[in-house]
K.L.:
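Below are the structure tokens for one structure; questions will follow.
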Protein chains: 2
Amino acid sequence: MQISSRFTIAVHVLVCIETFKNDRKVTSELLASSVNVNAVVIRRLLQQLKAAGIVNVARGSGGAEMAKPLEDITLLDIYNAVECVECGSLFHFHENPNALCPVGRNIHAVMDTRLDKIQNAMENEMKSVTIADIMSDAEKIIGSE
Amino acid sequence: MQISSRFTIAVHVLVCIETFKNDRKVTSELLASSVNVNAVVIRRLLQQLKAAGIVNVARGSGGAEMAKPLEDITLLDIYNAVECVECGSLFHFHENPNALCPVGRNIHAVMDTRLDKIQNAMENEMKSVTIADIMSDAEKIIGSE
DNA sequence: TTAGTTGTAACTATTGACATTACAACTAAT
DNA sequence: ATTAGTTGTAATGTCAATAGTTACAACTAA
């Protein structure tokens, strides 16, 4: 199972917003055309990013822009914004293990710290990369075409 | 999105196999009762673990056992055994970004190394934990009940 | 031969992701 | 005030993966 494409799409969208901000109004249509998905998918995604304080979206006049400095937005911020956070855990525990079995009633306690450490390792790595880093890579690559 | 419960169920199953190996034949029925899922789900899972060389399952006579030393089985081995590996990547990239857009045609190149680093961080953490570690925790917790 | 078990196919239900259509709400420009 | 362009969102549909269930052939050991 994989992390949904919303995450990579979100990064793509943010790079677009930053790249085109001086040239044109960055509408959901423009973003949809770059990502190659339906504009409604982009609008829903922008709502999630907006709720997380990452972007501003203007109703009516239209257009999206970054809501805070690029170096203050980490990949983890984006991940948390677009992936179901109520779930909280990266791992899915089977419900209702048999409490009459010594393994069944303790498996949660046995695994929880280990699973948390794994998830933390991933999240720490995500936290260490900002959109500023990504933009710097992107400018280099696009500039060298 | 979450990693499927097959992963935590697999660990649960391995802990059961090791815990009960001297007391009884560890059948899919027994495992199913501890995990509290259908026995067929367990059998399918055991097939995946068997294909990965982690367990042996006896047809006919019945019963599952570990196929190699506990300290040679890491959580990553289990993860790779039960999660779709063809997919390979933890992250799901949107297909067909627009090649006419400078961002669209470069987004893959921009993100790939970053995403690999994140996945590696997770896998390294998984690699550092063996079933021997988990069993040692489990024995402590179960013994102290 | 039989009882117990695994291996697997077939079918179903459920869930989440994603696509699509439609339209109300809103803003700015004219 | 009207209009054109845009966002916000509901409703609906499709698809894939997970997981539950039934059924039964294949196998082994007693």
Side-chain angles (χ1 to χ4, degrees), chain A residues 1-10 12-13 17 20 24-33 35-51 55-65 67 79 82-97, chain B residues 1-10 12-13 17 20 24-33 35-51 55-65 67 79 82-97:
Chain A
M1 195 179 288
Q2 292 180 307
I3 288 167
S4 82
S5 67
R6 278 201 306 279
F7 176 66
T8 52
I9 292 180
H12 183 151
V13 158
I17 292 176
F20 299 131
R24 31 185 144 167
K25 182 164 65 169
V26 184
T27 67
S28 60
E29 286 295 341
L30 171 65
L31 293 168
S33 128
V35 177
N36 205 19
V37 295
N38 194 286
V40 174
V41 173
I42 298 291
R43 285 184 215 148
R44 279 196 283 244
L45 186 68
L46 286 174
Q47 286 311 303
Q48 294 185 289
L49 294 173
K50 182 182 173 187
V55 300
N56 292 320
V57 192
R59 187 167 192 157
S61 56
E65 57 178 23
Y79 175 78
V82 303
E83 290 290 325
C84 162
V85 194
E86 302 109 296
C87 321
S89 173
L90 177 62
F91 297 97
H92 181 190
F93 233 105
H94 46 295
E95 313 291 327
N96 311 319
Chain B
M1 194 181 287
Q2 291 181 307
I3 288 167
S4 82
S5 67
R6 278 202 306 279
F7 175 66
T8 53
I9 292 180
H12 184 151
V13 159
I17 292 175
F20 299 131
R24 31 184 143 167
K25 183 163 64 170
V26 184
T27 66
S28 59
E29 286 295 341
L30 171 64
L31 293 168
S33 127
V35 177
N36 204 19
V37 294
N38 194 284
V40 174
V41 172
I42 298 292
R43 286 183 214 146
R44 281 196 281 240
L45 186 68
L46 285 174
Q47 287 309 304
Q48 294 185 286
L49 294 173
K50 183 183 172 186
V55 300
N56 291 321
V57 191
R59 185 167 191 155
S61 57
E65 57 178 22
Y79 174 79
V82 303
E83 290 291 325
C84 163
V85 194
E86 302 110 296
C87 321
S89 172
L90 175 63
F91 296 97
H92 182 192
F93 234 107
H94 46 293
E95 313 291 327
N96 310 320

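All chains are named by letter (A, B, ...) in the order of the sequence lines, taking the proteins before the strands, and each is independently numbered beginning at 1.
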K.L.:
With a 4.0 Å cut-off on heavy atoms, is A:V40 in touch with a base, just the backbone sugar-phosphate, or nothing at all?
P.N.:
base
K.L.:
Would you tell me if any nitrogen or oxygen in the side chain of B:S5 comes within less than 4.0 Å of OP1 or OP2 on D:dA19?
P.N.:
yes
K.L.:
Is any side-chain nitrogen or oxygen of A:Q47 closer than 4.0 Å to OP1 or OP2 of D:dT9?
P.N.:
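Yes.
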K.L.:
In whole Å, I'd like the distance from the CD1 atom of A:I17 to the P atom of D:dT7.
P.N.:
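Answer to the nearest Å: 11 Å.
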K.L.:
Do the side chain of A:R44 and the base of C:dT20 come within less than 3.5 angstrom through a donor-acceptor pair of N or O atoms?
P.N.:
yes
K.L.:
Between A:K50 and A:A64 (side chain of the first, backbone of the second, donor and acceptor by atom type, cut-off under 3.5 Å), is there such a pair?
P.N.:
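Side chain of A:K50 to backbone of A:A64: no pair is present.
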K.L.:
Looking at A:K50, I'd like to know whether one of its side-chain N or O atoms comes within less than 4.0 Å of OP1 or OP2 on D:dG8.
P.N.:
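For D:dG8, OP1/OP2 do have a side-chain N/O of A:K50 under 4.0 Å.
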K.L.:
Side-chain donor or acceptor of A:R59 under 3.5 Å from a matching atom on the base of D:dG8?
P.N.:
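Check fails, no donor-acceptor contact within cut-off.
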K.L.:
Are the side chains of A:H94 and B:N36 in contact, using a 4.5 Å heavy-atom criterion?
P.N.:
no
K.L.:
Could you state the NZ-C1' distance from B:K25 to C:dT5, rounded to the nearest angstrom?
P.N.:
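Nearest whole value for this atom pair: 6 Å.
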K.L.:
If you check every side-chain atom of A:H92, which of D:dA19, C:dA19, C:dG7 has the closest atom?
P.N.:
D:dA19
K.L.:
Contact class for B:A58 (heavy atom, under 4.0 Å): base, sugar-phosphate, or nothing?
P.N.:
sugar-phosphate
K.L.:
Given C:dC18, is OP1 or OP2 found less than 4.0 Å from the side-chain N or O atoms of A:R6?
P.N.:
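Yes, within the criterion.
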K.L.:
With respect to the phosphate group of D:dC27, does any side-chain polar atom (N or O) of B:S61 fall under 4.0 Å of OP1 or OP2?
P.N.:
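Negative; the distance criterion is not met.
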K.L.:
At 4.0 Å (heavy atoms only), tell me whether A:G62 reaches a base, stays on the sugar-phosphate, or touches nothing.
P.N.:
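Sugar-phosphate only.
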